[in-house]
Amino acid sequence: MKKPILSLTLAATLAIGAVSVQAAVKQEPAAKAAQHFQDPFEKKILKAISAENIYENIDYLSKVPRVAGTESEAKAVQFIKEEFESYGYKADVQPFTFYGYTPPSSISLSVDGYEGELKPQAFTYSVSGNVSGELVLAGLGKKDELSSLDLSGKIALIKRGEISFAEKVLNAAEKGAAGVIIYNNAEGPLSGTLGEHNDKFVPSAALSKAEGEALLSQIGKTVSLSIVGAETGEKTSHNVIAVKKPTGKKSAANDIIVLGAHHDSVADAPGANDDASGTAMTLELARVLKNVPADTEIRFVTFGAEEVGLLGSEHYVSTLSDDEISRTVANFNLDMVGSRDAGDLVMLTLDGKPNLVTDLAQKSSEKLNGEPTPYGQGGRSDHVPFAEAGIPAALFIHSPSEPWYHTPEDSIDKISKEKLQDTAEIVGTAIYDLARMDQIGPKPKKAPKVKAPDELKTEENIK
Ligand code: BES
Ligand code: ZN
């Protein structure tokens, strides 16, 4: 296998968001590099991969958000299981519990006699409740500002800034406020998190700067705030696992490849690209690879609760025996693989170094496109628990990300069939290259264990 050759003078360093991606140096002119795939099954795989199938499944999955632990995640899980079964797999649903937040089903805010439009947003961890009271101006909600105010049974109107949203809500609650409205100090709507559940929270909502400033003329009026259906508690999410056992006699090496993607989304986002795209691509590659001869076990896994902290992949890896971990030779993680408005395909590894997965995908991308897909460093997705367990793992993603990431605009109309086809071909042939009936040599080398720096693992706590 050809190792990517990097030299200090030649390696092109492309700035891609927060990560830097090193392009492996092209060694041959593109025309010469477009080699033929020799193995008849490789040709079959390439012929069989259908961006149309992937697109249709993204379309189905992205009708509504699929927040971990909700009904709609459970519906997606059922769909994925049935798809695997329709290809001839037995699919297992692996449940796991976590402590999490269910966003409200509805939120409303009105001010007596006020005609202006208000579009209140809940914070993550906003509590449910139906409260009303006099609107009181409470500055930035800092303790010293509130000390001289009577907030008892009232609704505090607080501006964003200086202290966290949670501190503002707790400071007002401590002074007896029945509810809290926080408005933005910058243009645009406000959304954010209170960080974690607190029994002392009172119902609280976010408004845009314009909405909040308009309410400054309504101080003293009666305000009603109603938040319905929000709750924090134990939830159940699921992974879905379909296994292709090695064909023929038991292989000498007994290796396992894991191809995976997360099926959950964030609230309010249909998650067409993040990550119905990876989920639908995992399904398509499971379909295409079902009957190809392979001496390596291939596990197709869709993970739940990625968006609340990589919980599904952590759970999956935690259920593996030491033997299964040492037999797992590669994790291909597909996350955000179809956006029309994102950049080119890159591979991100936790330590930024190449590994078996990036080597194989560079080999296949070079054969397909005449140039190897570049790699760089990045966490933030389900390859992290695999890499931490010492398994060669990489995230396949287009970089820089599209502007619709984690917004209601992450919808099917932004999906590119060309990007889906290209990524699926690269990953499908790379997996086949490793899985095919050829295991006579030594086992591939394991990657060293790496620990994810915290900034690559955690969600931003927006102030
Ligand atoms: N697909 C994203 C990760 C991502 C986005 C990586 C853009 C690189 C560029 C993933 O679903 C996600 O949103 N992850 C969370 C982290 C997780 C630990 C909650 C994130 O990045 O906020
Ligand atoms: Zn994602």
Side-chain angles (χ1 to χ4, degrees), residues 57-58 60-84 91-105 121-128 191-197 229-241 258 260-280 282-283 300-319 333-336 379-386 395 405-408 410-411 452 457-462:
N57 283 339
I58 298 173
Y60 178 85
L61 285 164
S62 63
K63 297 271 187 254
V64 286
R66 303 170 302 283
V67 176
T70 65
E71 266 299 300
S72 65
E73 190 219 324
K75 230 183 114 198
V77 162
Q78 190 58 29
F79 171 77
I80 294 160
K81 180 177 189 287
E82 286 169 11
E83 278 293 305
F84 278 135
D92 284 326
V93 172
Q94 180 182 57
F96 57 93
T97 58
F98 66 102
Y99 194 74
Y101 179 70
T102 306
S105 51
Q121 301 282 321
F123 293 99
T124 305
Y125 299 109
S126 275
V127 293
S128 287
S191 67
T193 175
L194 302 178
E196 60 183 345
H197 177 76
E231 51 128 3
T232 302
E234 192 173 271
K235 316 244 174 289
T236 303
S237 180
H238 312 82
N239 299 327
V240 190
I241 306 167
V258 179
H262 71 91
H263 58 243
D264 66 314
S265 75
V266 294
D268 302 324
N273 198 43
D274 187 12
D275 185 27
S277 66
T279 300
T282 300
L283 287 172
F300 303 93
V301 188
T302 74
F303 299 107
E306 189 267 358
E307 298 285 8
V308 284
L310 318 181
L311 302 185
S313 47
E314 267 171 16
H315 179 74
Y316 172 78
V317 172
S318 79
T319 63
N333 175 28
L334 306 174
D335 193 358
M336 301 170 70
R380 300 175 58 185
S381 189
D382 290 317
H383 57 303
V384 171
F386 288 88
L395 161 63
Y405 167 60
H406 283 187
T407 75
D410 180 9
S411 46
K457 282 169 107 182
T458 54
E459 200 178 355
E460 244 176 22
N461 189 347
I462 310 143

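The shown structure was predicted, so the numbers you read here are calculated from the model rather than taken from an experiment.
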Problem set entry | For Asp92, all residues meeting side chain to side chain donor-acceptor pair (under 3.5 Å), sequence neighbours excluded | Lys90
Problem set entry | Qualifying residues under side chain to side chain donor-acceptor pair (under 3.5 Å), relative to Glu196, sequence neighbours excluded | none
Problem set entry | Flag, side chain of Asp275 to backbone of Met336, donor-acceptor distance under 3.5 Å | yes
Exercise. Would a 4.5 Å heavy-atom cut-off, applied to side chains only, mark Thr282 and Leu334 as touching?
Worked result: yes
Exercise. Taking only residues two or more places apart in sequence, or in another chain, which ones meet Thr302 in a side chain to side chain donor-acceptor pair (under 3.5 Å)?
Worked result: His263
Problem set entry | Counterpart residues, side chain to side chain donor-acceptor pair (under 3.5 Å), relative to Asp410 (two or more places apart) | none
Exercise. Which residue pairs pass the salt bridge (charged side-chain N to carboxylate O under 4.0 Å, His left out) test when at least one of the two sits in residues 66-81, sequence neighbours left out?
Worked result: Lys81-Glu85
Exercise. Which atoms form the tightest heavy-atom contact between Ser381 and Glu306, and what is the distance?
Worked result: CA-OE2, 3.4 Å
Exercise. Out of curiosity, Glu83 CD to Leu61 CG, how far, rounded to the nearest 0.5 Å?
Worked result: 8.5 Å
Seminar exercise, completed: The side-chain contact (heavy atoms from CB on, under 4.5 Å) partners of Gln94 (sequence neighbours excluded) come to Asn239, Ile241, His315, Tyr316, Thr319
For this session: List for me each residue that meets ring pair (Phe, Tyr, Trp, His ring centres under 6.0 Å) alongside Tyr405, sequence neighbours excluded, and say none if there are none.
Result: none
Seminar exercise, completed: side-chain contact (heavy atoms from CB on, under 4.5 Å) filter on Val266, not counting sequence neighbours, yields Ala269, Glu307, His406
Exercise. By side-chain contact (heavy atoms from CB on, under 4.5 Å), which residues pair with Thr232, not counting sequence neighbours?
Worked result: Tyr99, Tyr101, Tyr125, His197
Seminar exercise, completed: What one should report as the nearest heavy-atom pair of Val384 and Gly379 is CG2-CA, 3.7 Å
Exercise. What residue among Thr279, Asn333, Asp335 forms side chain to side chain donor-acceptor pair (under 3.5 Å) with His262?
Worked result: Asp335
Exercise. Ala280: what forms a side-chain contact (heavy atoms from CB on, under 4.5 Å) with it, not counting sequence neighbours?
Worked result: Ile54, Asn57, Ile58
Seminar exercise, completed: Closest non-hydrogen atoms of Ala230 and Ser126, given as atom of the first, atom of the second and distance, are CB-O, 3.5 Å
Seminar exercise, completed: Closest non-hydrogen atoms of Gly304 and Ser237, given as atom of the first, atom of the second and distance, are CA-OG, 3.4 Å
Seminar exercise, completed: Closest non-hydrogen contact found for Pro65 with Ser72 is O-OG, 2.7 Å
Problem set entry | Shortest non-hydrogen separation from Ser62 to Gly271 and the atoms involved | CB-C, 4.4 Å
